[in-house]
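Computed from heavy atoms alone, side chains included, the values below leave out hydrogens, waters and symmetry copies.
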Amino acid sequence: MPHATSLASPHAPHAVSRLRTARLARSAKPFLARGGSKVERCTGCRLAPSHCMCALRPVLPRLANQAGVCLLMADIEPLKPSNTGWLIADVVADTWAFGWARTVVDPDLLALLADPQWQPYLVFPGEFVAPERVVTALLPPVGPAEGKRPLFVLLDATWPEARKMFRKSPYLDRLPVLSLQADRISQYKLRRSRRDDHFCTSEVAALCLELADEPHAAQTLEAYLDIFTHRYLQAKQQVPADADNAAHQRLRGLQAVGAAAPIKK
């Protein structure tokens with residue numbers, strides 16, 4: 001499938017990177033981030049070169065896990081420097097990214113959702129969904145779900161866009177809706193939200209990984225997001241990044257644990 005993450009190299013272009021390239025190829029004019037900024041950015045991490053974090057990117061084969069992530073991205077999300085779907089694709093080996101359109105569905109997306117090795121879950125707040133579709137835990141590995149790996153389908157968009165995508169994507173109607181019961185508030189600082197229980201896409205993915213009993217991947221993604229947020233804001237304020245702050249130390253510790261662990265087959 002064309003937008004799946006490749007394991008050929010730890011720094012090969014991943015699913016979101018390739019989707020961004022395809023989206024740029026269709027653009028009639030250059031994309032400008034909010035405020036019209038023309039700041040030079042690293043093509044690997046989208047940060048200013050002075051604050052680049054590409055050297056901290058996890059080695060994907062070490063984090064190959066049972067769970068997968070399918071990002072269904074609103075039109076300009078792959079172009080936004082603050083998008084955190086990139087971080088998921090850096091951490092989770094089996095990540096796919098597809099652009100969303102109301103009238104066109106990528107056949108590779110439909111094939112992925114129908115692949116018998118996966119049990120897809122559409123991650124969305126249960127309060128907006130018919131109760132019979134809502135689950136708060138992964139389905140037991142018996143019956144139709146036996147032997148299947150969890151695939152978390154995330155709507156990567158602003159909240160109004162995500163609600164529209166949910167309503168106008170009938171091919172998602174057959175999927176169980178996973179409603180996360182988080183006991184924390186969002187720590188994301190790069191975009192505003194009116195509600196503390198609205199998490200950014202990377203935070204949602206980390207919660208899903210915890211639910212899938214993938215604590216190392218979840219903690220790595222959380223630390224990686226914290227580093228991205230720190231460096232993004234420091235660059236915006238033209239202040240050097242603190243490469244020895246708590247998030248950097250936490251990621252180094254997790255990488256050391258991952259390097260010592262046997263590679264999952």
Query raised in the report: Is there a donor-acceptor contact under 3.5 Å from the side chain of Arg133 to the main chain of Gly126?
Result: no
Query raised in the report: Looking only at atom types and distance, does a side-chain atom of Glu77 sit under 3.5 Å from a main-chain N or O of Asp156, one as donor and one as acceptor?
Result: no
Query raised in the report: Is the shortest heavy-atom distance from the side chain of Cys54 to the side chain of Cys42 under 4.5 Å?
Result: yes
Report summary line: Distance col, row Leu24:CG vs Arg20:CZ, nearest 0.5 angstrom, shows 4.5 Å
**Report entry** Test side chain to side chain contact (heavy atoms under 4.5 Å, CB included) applied to Val135 and Val177, step by step
**Finding:** CA-CA 6 Å; Val135 298; Val177 174; over 6 Å; no
Query raised in the report: Rounded to the nearest 0.5 Å, what separation is found between the CD1 atom of Ile227 and the CD atom of Gln234?
Result: 13.0 Å
Query raised in the report: Is the backbone of Cys52 close enough, under 3.5 Å, to the side chain of Arg231 for a donor and an acceptor to pair up by distance?
Result: yes
Query raised in the report: When rounded to the nearest 0.5 angstrom, what is the spacing between CG in Leu47 and OH in Tyr232?
Result: 8.5 Å
Query - Note, Tyr224 side chain near Leu254 side chain (heavy atom, < 4.5 Å) - result: no
Query raised in the report: How close do Tyr121 and Leu139 get, heavy atom to heavy atom, and via which atoms?
Result: OH-N, 2.8 Å
Requested in this report: Side-chain contact test, heavy atoms from C-beta onward, threshold under 4.5 Å: evaluate it for Leu172 versus Leu113 and give yes or no.
Outcome: yes
Requested in this report: Classify the angle between the aromatic ring planes of Phe128 and Trp159 as parallel (below 30°), tilted (30 to 60°) or perpendicular (above 60°).
Outcome: tilted
Report summary line: Heavy-atom nearest pair, Arg252 first then Ala243, reads NH1-O, 3.0 Å
Query raised in the report: When you measure from the side chain of Asn245 to the backbone N and O of His248, does any donor-acceptor pair fall under 3.5 Å?
Result: yes
Query raised in the report: Taking all non-hydrogen atoms of both residues, which atom of Cys70 and which atom of Leu151 are closest, and how far apart?
Result: N-CD1, 4.0 Å
Query raised in the report: Does CD belonging to Gln237 count more than 12 external heavy atoms closer than 6.0 Å?
Result: yes
Query raised in the report: Should Asp94 and Val69 count as side-chain neighbours, where that means a heavy-atom distance under 4.5 Å?
Result: no
Query raised in the report: Given side chains that start at C-beta, do those of Thr201 and Leu71 come closer than 4.5 Å, heavy atoms only?
Result: yes
Requested in this report: Hey, could you give me the NZ/CD1 distance between Lys80 and Ile76, rounded to the nearest 0.5 Å?
Outcome: 4.5 Å
Query raised in the report: Do Thr95 side-chain atoms and Val92 backbone N/O form a donor-acceptor pair below 3.5 Å?
Result: yes
Requested in this report: State yes or no: do Leu56 and Leu221 share one hydrophobic cluster built from I, L, V, M, F, W and Y residues joined by side-chain heavy-atom distances below 4.5 Å, directly or via other members?
Outcome: yes
Query raised in the report: Does a side chain donor of either Gln119 or Arg149 reach within less than 3.5 Å of an acceptor in the other side chain?
Result: no
Query raised in the report: Just how far is it from atom OG of Ser202 to atom CD1 of Ile88, taken to the nearest 0.5 Å?
Result: 5.0 Å
Requested in this report: Of all the heavy-atom pairs spanning Lys148 and Pro116, show the shortest one and how long it is.
Outcome: CE-O, 3.3 Å
Requested in this report: Applying side chain to side chain contact (heavy atoms under 4.5 Å, CB included), run through Leu122 and Leu154 and close with a yes or a no.
Outcome: CA-CA 7 Å; Leu122 177 57; Leu154 309 185; over 6 Å; no
Requested in this report: Output the distance between atom CD (Glu214) and atom NE2 (His216), rounded to the nearest 0.5 Å.
Outcome: 10.5 Å
Requested in this report: Test side chain to side chain contact (heavy atoms under 4.5 Å, CB included) on Ser179 and Phe124 and set out the steps.
Outcome: CA-CA 6 Å; Ser179 181; Phe124 202 76; over 6 Å; no
Report task. Evaluate the side-chain proximity of Asp75 to Arg23: yes if any heavy-atom separation is below 4.5 Å, no if none is. Result -> yes
Requested in this report: Verify the neighbour count for atom NZ of Lys164: are there more than 12 heavy atoms of other residues, nucleotides or ligands below 6.0 Å?
Outcome: no
Query raised in the report: Which pair of non-hydrogen atoms, one from Val153 and one from Pro120, has the smallest distance, and what is that distance?
Result: CG2-CB, 4.3 Å
Report task. Identify the two heavy atoms, one from Ala67 and one from Leu209, that lie closest to each other, and give their separation to 0.1 Å. Result -> CB-CD2, 4.0 Å
**Report entry** Within-4.5 Å side-chain heavy-atom neighbours: Leu180 and Phe199
**Finding:** no
Query raised in the report: Is a donor on one side and an acceptor on the other found under 3.5 Å between the side chain of His51 and the backbone of His230?
Result: no
Report task. Apply side chain to side chain contact (heavy atoms under 4.5 Å, CB included) to Leu178 and Phe152, showing your working. Result -> CA-CA 9 Å; Leu178 178 62; Phe152 300 108; 3.7 Å; yes
Query raised in the report: Has the side chain of Glu161 got a donor or acceptor atom that lies under 3.5 Å from a matching backbone atom of Ala74?
Result: no
Query raised in the report: Is there side-chain contact between Leu155 and Trp100, with heavy atoms separated by less than 4.5 Å?
Result: no
Report summary line: Across all chains, not counting sequence neighbours, the ring-ring contact (aromatic ring centres under 6.0 Å, His included) partners of Trp86 are His14
